[in-house]
Structures are given as structure tokens and as C-alpha cells.
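Notes for the one structure printed next.
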Amino acid sequence: MYGKGILKGLSVTLKRFSETYLDDIVWWLRGKKRYYTPEGVAHRSSKNTRGIFTVQYPEEQLITPEEFRYVPFLVYDEGADGKREHRCTSCGICAKVCPPQCIWIVRTNDPNTGKPVPEPKEFYIDMDICMNCGFCAEYCPFDAIIMDHNFDIASYDRNVYNLEKLSKPASYYRQIRPLNYQKNEDERKAKEAAKAAKADASASAAAPAT
Amino acid sequence: MTAPASTQILDLAARFPDVVSTDARPGFSGFIVKKENLVEVATALRDEFGYDLLSTVTGVDYPAENKMEVVYHAFRTIGGPGIVFKTQADRVEPIEVPSLINVWHGADFQERETWDLMGIKFTGHPDLRRILMWEGFEGHPLRKDWKEAFFEEETKPFKSRWPEGNHLYAEFRNPYRDNLNFPSGFDPEQYQPQTEDQLYFSLERSSIKPKDADLKTDSIVVNMGPHHPSTHGVLRVAVELDGETVTSLKPVMGYLHRNHDKIGERNTYLQIMPYTDRLDYFNSMANNFGYAITVEKLMKIPVAERAEYIRVIMAELTRVQNHLIFIGMLLNDLGTLYTPALYAFEERELILDIFEAVAGARMMCNYFRFGGVVRDIPDDVMQKIKDLVHDRLPAKTDEMERFLNENEVLMARLKGMHVLNAEEAVRNSVTGPCLRAAGVPYDLRRADPYSVYDRFDFDVAVRYNGDMYDNYLIRFDEIRQSLRILEQAIKQIPQGPINSQKPQYQVRVPAGEAYGRVESPKGELGYYVVSNGKPNPYRYHVRAPSFINLTALETMCKGNKIADFVALLAMLDIVMGEVDR
Ligand code: SF4
Ligand code: SF4
């Protein structure tokens with residue numbers, strides 16, 4: 001029969017259409033909210049999703065996975081008196097590895113000796129040029145630069161972020177990337193322990209000689 | 001047992017003494033052909049030795065040796081390794097090399113590109129116009145002595161960034177604050193904008209005028225695009241029509257051109273990786289794959305076992321979503337506004353969720369590194385992949401087929417509408433599903449296996465009619481084969497490290513050349529890289545399947561109605577990020 005194929009196809013559309021409302025009823029009977037809840041959004045991006053698929057941004061937002069990367073930021077630890085201790089040593093690796101070359105770093109030099117001090121004097125990232133590749137975070141040896149999750153940064157002007165605007169506390173880092181943060185902390189502790197052990201060993205080795 | 005014909009090394013130098021010599025530079029391979037005899041040797045390669053598919057044509061500039069080199073890679077569609085041959089010309093204007101367009105028609109756009117970007121004239125090419133740059137452009141940007149308007153240094157990293165990195169906007173490097181170079185002695189008063197006459201003349205030449213028709217008719221030229229919604233981006237096609245019938249057409253491209261090759265030559269090897277994402281932005285995983293294996297070939301490093309499987313999983317997932325989108329977009333082009341496309345996008349979103357969780361981004365994955373991949377697949381994501389591959393994607397592919405395949409309107413539009421036959425496809429260097437739908441079972445995963453594809457049990461999807469309906473159905477076949485590979489890869493994936501190398505941001509690449517290619521969802525994606533031992537590639541070239549497949553567009557559309565043009569173009573599955581590079 002001519003038109004059978006069309007009808008067969010339309011049955012798929014009809015099924016998809018009715019599934020939306022069917023699921024609405026199922027969720028309602030279970031006493032759960034399907035829209036505007038993280039649970040509902042998570043369901044809509046799972047393998048069991050059927051019917052309506054769209055997420056009503058910005059009221060609803062997709063859950064970003066830990067590895068999601070947008071633009072980078074600089075991590076600082078909060079010192080005892082609330083002082084910002086930047087992890088960055090201005091070693092320049094991120095500026096070298098950055099593919100579009102949008103990282104600009106001014107290294108601090110000791111005013112007396114002229115020797116470099118491991119701390120950035122100024123740090124710029126041209127966010128309009130940043131291609132969100134994540135290389136800077138990947139190759140930074142000090143976990144000082146991390147890819148952010150916040151992607152709502154549209155503005156009317158050009159976005160050259162300076163040190164002030166780039167800095168975010170370590171607690172924020174822990175909040176958005178708990179697993180990575182923990183990994184860094186563990187690595188750091190292991191390194192310190194190894195260092196201490198080495199110092200102990202050399203101290204005890206040096207002791208009998210004196 | 002004698003080796004099968006496809007694996008025998010061909011000694012071209014013995015066949016053509018005095019004319020052909022072996023390329024003896026360290027790290028290089030293949031043959032150097034005297035340019036006077038190029039056509040003769042190429043014809044022999046095609047007819048005597050069976051190298052019927054010309055893969056790439058590109059140029060390399062050696063100003064130090066005062067030479068320009070043209071590099072050709074040819075393959076056999078029965079499979080096996082290919083042959084690389086080169087020809088050299090002195091670097092004095094005019095730099096001329098004979099055109100191979102009559103041997104392999106697939107050289108058409110590639111020779112035009114080489115002329116446009118390197119300034120090598122191909123004598124005998126009937127339509128040697130610029131292809132990626134605009135008509136009035138001065139100079140040839142891929143030459144080593146050409147500099148962009150915002151030129152800072154020959155290679156990255158730039159010294160101005162650290163340790164005295166005071167930010168400066170790029171346009172302040174140019175006195176005109178503009179991304180434009182003006183030739184010396186440029187006088188705006190005298191400037192005559194170039195017209196597009198040449199483009200239209202090139203159409204005129206190939207059109208057929210009925211001589212003794214009763215009715216005096218005139219053909220008209222219609223410009224489809226560059227903003228026609230069906231051209232899949234900013235592609236423009238100048239179509240000459242006789243009534244409703246297409247008599248001649250020429251694609252006009254370059255609106256998205258950014259000179260990917262030149263950017264690559266300024267970058268370090270690692271820095272190119274995220275740029276490859278932007279070629280075919282639907283399949284950044286496949287782009288990464290091709291580039292990674294090319295540089296690994298040059299570096300002669302192994303790939304971690306687990307990473308090989310992860311790579312295959314990612315490459316096949318990206319193929320599934322690409323083909324689903326192809327089907328959705330084809331239906332869009334046929335006038336089914338958006339329902340099939342949005343159904344396809346649902347599955348694509350779920351696959352992109354996986355990419356996002358693994359690589360950090362949905363489209364610009366930047367996931368491969370030399371020797372492996374960036375990070376392992378977390379357990380929960382692995383579970384998600386399993387769920388998709390075992391349950392959801394097979395069911396949804398079935399649903400899509402039920403939804404569309406028997407639709408009478410679709411069949412009326414697609415069935416029996418000739419796209420390409422095997423001969424036309426091979427002649428025009430068309431690769432990918434379009435070639436296989438024409439009855440040539442040429443799939444690099446089988447024909448010239450890379451990575452671990454030789455360990456999986458799958459069939460090369462092939463259909464024989466070469467009409468639009470076959471071109472459409474073959475995408476479903478390929479999705480199913482990809483799912484088969486995925487099932488096996490998920491089962492067999494071993495534990496272990498995900499990179500054979502230590503993470504390093506400056507890799508050491510010995511001097512030499514390498515051509516790596518993968519079967520991307522659109523066709524054969526190749527990378528040609530020449531290294532001189534420095535941290536930046538000396539020459540970096542991408543063989544973009546979308547771009548080269550467009551060579552066949554005229555053959556496909558000639559004699560068909562303009563209304564079918566849109567659907568025929570959709571068959572090639574082009575993406576402008578890759579066409580324009
Ligand atoms: S952010 Fe990291 S890589 Fe960049 S300069 Fe600071 S310490 Fe070095
Ligand atoms: S994410 Fe990539 S482009 Fe952006 S600042 Fe870091 S290295 Fe540069």
C-alpha cells in the first residue's frame with residue numbers, strides 16, 4: 001500500500017510524542033519533579049531518557065563533569081593572615097605551551113639583587129584568544145593553573161584577565177574538581193614525605209661522620 | 001608463498017632509469033621524478049602498477065636549497081601501502097610543474113590549492129585559479145618567506161610572553177591596526193578591485209549550448225550560497241543552469257580559511273593538536289587520531305596498549321554520531337524540517353556527554369597525545385559507554401530506520417538518483433562512504449590497517465548501486481559495523497598505562513617525513529608532516545576528505561535538476577571547517 005512507509009514512520013513520531021507525557025505522569029505518580037531539578041536533568045542525559053530531551057537553559061543546567069574545561073584560573077592558598085599565596089612560580093611553562101600564545105607573564109625580580117623571585121608580578125590571559133585547550137593546566141608543574149567550570153562569561157568588552165581577575169582560592173578548586181584536588185594533595189604529601197625521609201636519611205648518614 | 005601484489009615494494013627507479021631516483025635524504029622515502037617526465041611516470045603508475053587513487057598533492061618550499069618540491073601520494077583501492085613520489089622545480093618564477101589532472105582528476109582542487117598557497121604553476125591545468133584565498137590576494141602564504149600581518153616570530157613560543165610579558169593586542173603590531181598586508185607601493189587611489197569574471201568564464205567554457213534548437217534559450221548562473229542554509233556552512237557554488245538542469249558548476253570556498261597549514265608550521269608539534277580539533281569539528285577525535293599517528297610514525301614511538309583501545313572506542317563513537325547527524329541533515333536538505341535531525345542530535349548529545357567527561361570538551365576534545373591519550377576513561381563513563389553501545393544506540397538506529405527507510409517520499413527522492421559510480425569516484429579521489437556506496441570496498445581500517453583495527457572482526461560496509469538511496473543506507477551499515485567494533489573493543493580493552501611516554505610539552509622529532517592517514521567518518525583524513533629536527537614541523541599539511549570529495553561535485557550534478565543539487569551536496573557530507581582549513 002502506498003503510504004505505508006510514511007505511516008510506519010509517523011508511528012515513531014507519535015510514540016516519541018506520547019512518551020513525554022507518559023513519563024510526566026510516571027514521575028508525578030512517583031511524587032518526583034521532572035523539570036527544574038538536578039535529578040530530572042540527570043535523567044534526561046542518561047541512557048533511559050525518552051520523550052522530551054531538551055534542557056531549559058538557564059533555569060536548568062547540564063551537570064558538568066569534573067574534567068569539563070572552560071577558561072583557566074590561577075589558584076592561591078589562603079595564608080594564616082588571609083594573605084593570598086599564589087601557587088604559581090612564574091616558571092613560564094604555561095606561556096610556552098599555550099597554542100594561541102594568549103598567556104602573558106611578568107616575572108618578579110628581587111629589587112635588590114635583580115634575581116627572579118618565584119612569584120608572578122603580573123599575569124594576563126587574553127580570554128578572547130584562549131582556545132580552552134587545557135594545556136596550561138595539564139603541563140603546569142605546580143598545579144597553579146586550573147581549568148574553570150564557569151562558562152557564563154559573555155561580556156560587551158574584550159576580556160584580558162589580569163592576575164587579580166584570574167585568582168581564585170584553592171577551596172574553589174576543591175569544589176569544582178574534588179578528585180583532581182585530592183590527587184594533587186596526595187601527590188604533594190607523598191613528595192613532602194619523600195623529601196623528609198631523604199632529609200632524615202642524609203642527616204643520619206651525615207651524623208656518624210661528624 | 002609470494003607476497004601479495006599489494007605488499008610488494010615497487011622499484012620505480014629500475015623501471016625508469018635516469019628519470020626516477022630514490023629519495024635518499026635521511027628520514028625520507030619514495031622517489032624523485034624529473035618534472036619533464038612526470039606525466040609519463042604517473043600514467044605508468046596508474047595503468048601498469050595499479051595506483052588508481054591519488055591521495056594528496058602538496059608542495060614543500062625549500063628556500064635554502066632554492067627548490068620547490070611537489071609531493072604526491074598514490075594508493076591502490078585494492079589496499080596496501082601507497083607510493084610517494086616527488087618532483088622538484090627551481091625556485092625562480094615562474095615555478096612550473098606539469099599538471100596531473102589528466103591522469104588523476106582528483107588532482108584538480110589540490111593543484112589549485114598548491115598554486116594558491118605555494119605559487120607553483122601546474123601547466124596544463126585548465127582552471128588554475130586561486131581556491132582558498134580571495135581573487136585579489138597578493139602572494140602565496142605557505143611560502144617560507146611570506147609573513148602574516150600580525151607576524152611576531154617565525155615559531156612559537158614567542159619570546160614576548162615571558163618573562164617580560166606585558167600584554168599587547170595583536171593589531172598593535174601592524175601600523176594599520178588591521179589584519180591585512182599591503183604590497184609595497186600600494187596606492188588606494190589606483191586600486192581596482194578584482195572581478196569574478198574568471199569564475200564565470202570557467203563555467204562558460206564547460207557549458208553546452210544547443211546549436212539548432214528551435215527556441216533560443218540562454219543559460220543562467222545561480223549562486224547558491226555562501227549563506228544558503230543547505231550548503232552546510234559558508235560554501236558558495238556557482239551553478240550554470242539550462243532551464244532547471246545543471247550544466248556546469250564550480251564550488252567557491254575559502255570563507256572560513258585560516259591557513260591551518262601555516263599555523264601548524266608556526267606551532268610546536270604538541271600545539272597543533274587542539275588546532276586539528278577545528279578541522280572537522282564534528283569529529284575532533286578522528287582528527288586527533290590522524291595527527292597523533294603521523295607524529296608517532298615520525299618519532300618512532302609505540303602507543304600504550306590500553307590507549308590504542310581507547311582511541312578506537314573514541315573514533316568509532318564519533319563515527320556513529322557523525323553518521324546519525326548526516327542522516328538527520330540529509331533529511332533537512334530534503335525538506336523534512338528538523339524532526340529527524342533532532343532525533344539524531346539526541347544520540348549525538350549522549351555521545352558528546354562521554355567526550356566531555358573523558359576529554360573535557362564536547363567538540364574540541366584535544367584528547368590524544370603522542371604515545372597515548374590524556375587521561376583514562378573513568379569507571380562511571382565506561383559504564384555509560386557500555387550502556388550506549390549495548391542498549392541504546394542499536395535500538396535507536398533501528399528506530400531511525402523504521403522512521404525513515406520505507407518512507408515513500410524519501411524513496412522517491414533518493415532511489416535511482418545517480419551519485420557516482422566506482423570509476424568516477426576513484427578518478428576524482430573520492431573516499432569514505434561515497435566511494436563505498438559506489439561498490440569499492442575501500443576502508444582504511446581494512447585496506448591499510450592502523451592502530452589495532454586488525455584485531456577486530458567487522459565488515460567493510462559496501463553497496464553497489466551508487467545511487468542516493470545506497471549512499472544513505474550505507475551510513476546505517478557503517479553505524480552497525482562501528483557498534484560491532486565498539487562491542488569488541490569494550491570487551492578486550494586491557495588495563496595498563498594510557499601513555500607510553502612521559503608527559504612532555506616539547507617533543508623531540510627526528511628529521512624526516514611521514515604521511516599518516518585514518519578513515520575519518522568523511523573519508524581518508526591524511527596528514528603529511530616534514531620535520532627538520534626542530535621543535536616545530538617544517539611542513540605540515542592536511543589532506544582534508546571534505547575538500548577533496550568536493551572535486552566530484554560537478555560530475556555528480558551535471559545533468560541533474562537544480563532541486564536535487566542540494567541533496568547531492570549533502571551526500572558528500574562536507575564540513576566547512578575542513579574544506580576551508
Ligand atoms: S601557572 Fe604554572 S606553568 Fe604557568 S607560570 Fe605559573 S607555575 Fe609555571
Ligand atoms: S587553555 Fe589553552 S589556550 Fe587557554 S590559556 Fe590555557 S593553554 Fe592557552
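Keep in mind that this is a model prediction, so the values were computed, not measured. Every chain is numbered from 1 and lettered A, B, ... according to where its sequence line falls, protein lines coming before strand lines. Basis for what follows: all heavy atoms, side chains included, without hydrogens, waters or symmetry-related copies.
- Put simply, the side chain of A:Gln101 does not reach to within 4.5 Å of the side chain of B:Glu152, judged on heavy atoms.
- Residue contact with chain A, scored on non-hydrogen atoms closer than 4.5 Å, involves the side chain of B:Asp391 exclusively.
- When each of A:Asn109, A:Thr108, A:Val97 is checked for heavy-atom pairs under 4.5 Å with chain B, A:Val97 comes out on top.
- Using a 4.5 Å cut-off on side-chain heavy atoms (C-beta onward), A:Arg69 and B:Asn366 make contact.
- Using a 4.5 Å cut-off on side-chain heavy atoms (C-beta onward), B:Trp162 and A:Ile93 make no contact.
- Summarising the geometry of B:Arg161 relative to A:Ala95, their closest heavy-atom pair is CB-CB, 4.3 Å, with the distance given to 0.1 Å.
- In this structure, chain B has no heavy atom under 4.5 Å from any part of A:Thr54.
- Scanning residues 265-279 of chain B against chain A with a 4.5 Å non-hydrogen threshold yields B:Asn267, B:Leu270, B:Gln271, B:Met273, B:Pro274, B:Tyr275, B:Arg278, sorted by number.
- Rounding to the nearest 0.5 angstrom, the gap separating the CD atom in B:Gln504 from the OH atom in A:Tyr139 is 8.0 Å.
- For the residue pair B:Arg369 and A:Glu138, the shortest heavy atom distance occurs at NH2-OE1, 2.6 Å.
- Applying ring-ring contact (aromatic ring centres under 6.0 Å, His included) to B:His167 and the options A:Trp104, A:Tyr161, A:Phe123 leaves one that passes, A:Trp104.
- Listed by chain and residue number, B:Glu153 satisfy the side-chain hydrogen bond (donor to acceptor under 3.5 Å, both in side chains) test with B:Lys159 (two or more places apart in sequence, or in another chain).
- The choice from B:Gly360, B:Ala170, B:Ser160 that makes the most heavy-atom pairs within less than 4.5 Å of chain A is B:Gly360.
- Two residues are said to be in side-chain contact when any heavy atoms from C-beta on lie closer than 4.5 Å; A:Glu67 and B:Arg375 meet this criterion.
- Residues of residues 340-349 of chain B lying within less than 4.5 angstrom of chain A, judged on heavy atoms, are B:Tyr343, B:Glu346, B:Glu347, B:Glu349 in numerical order.
- Only the backbone of A:Ile103 comes within contact range of chain B, with at least one heavy atom under 4.5 Å from a heavy atom of that chain.
- When all heavy atoms of B:Arg392 and A:Thr49 are compared, the pair lying nearest together is NH1-O, 2.8 Å.
- Of the atoms belonging to B:Arg402, heavy atoms from both backbone and side chain fall under 4.5 Å from chain A.
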Subject >> side-chain contact (heavy atoms from CB on, under 4.5 Å) evaluation trace for B:Leu350 with A:Phe53 >> reply: CA-CA 11 Å; B:Leu350 294 177; A:Phe53 188 79; 4.3 Å; yes
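- Listed here is the closest heavy atom pair of A:Pro100 and B:Lys156: CA-NZ, 4.1 Å.
- One distance of note links CE of B:Met363 with CG of A:Asn132; it measures 13.0 Å at 0.5 Å rounding.
- Most heavy-atom pairs under 4.5 Å with chain B, from the set A:Pro120, A:Cys102, A:Cys91: that is A:Cys91.
- Heavy-atom contacts from other residues, nucleotides or ligands closer than 6.0 Å to CD of A:Glu59 number more than 12.
- Residue contact with chain A, scored on non-hydrogen atoms closer than 4.5 Å, involves the side chain of B:Asp353 exclusively.
- For a residue to count as touching a neighbouring chain, one of its non-hydrogen atoms must lie under 4.5 Å from one of that chain's; by this rule A:Pro99 touches chain B with backbone and side chain alike.
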**OP:** Test B:Glu164 against A:Val106 for side-chain contact (heavy atoms from CB on, under 4.5 Å), laying out the working first.
**Re:** CA-CA 5 Å; B:Glu164 288 302 319; A:Val106 184; 4.2 Å; yes
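- For residues 27-35 of chain A, a heavy-atom distance under 4.5 Å to chain B picks out no residue at all.
- In summary, B:Glu399 and A:Arg16 engage in a salt bridge, as defined by a charged side-chain N under 4.0 Å from a carboxylate O.
- With a 4.5 angstrom heavy-atom cutoff, A:Phe68 touches chain B via backbone and side-chain atoms both.
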**OP:** Evaluate the side-chain contact (heavy atoms from CB on, under 4.5 Å) criterion for residues A:Arg158 and B:Tyr169: first the C-alpha distance (whole Å), next the side-chain angles of each, then the deciding distance (0.1 Å), finally the verdict.
**Re:** CA-CA 10 Å; A:Arg158 293 169 81 166; B:Tyr169 284 117; 2.9 Å; yes
Original post:
Does the side-chain contact (heavy atoms from CB on, under 4.5 Å) test come out yes or no for A:Leu10 and B:Phe403, once each step is laid out?
Top reply: CA-CA 7 Å; A:Leu10 284 177; B:Phe403 180 34; 5.8 Å; no
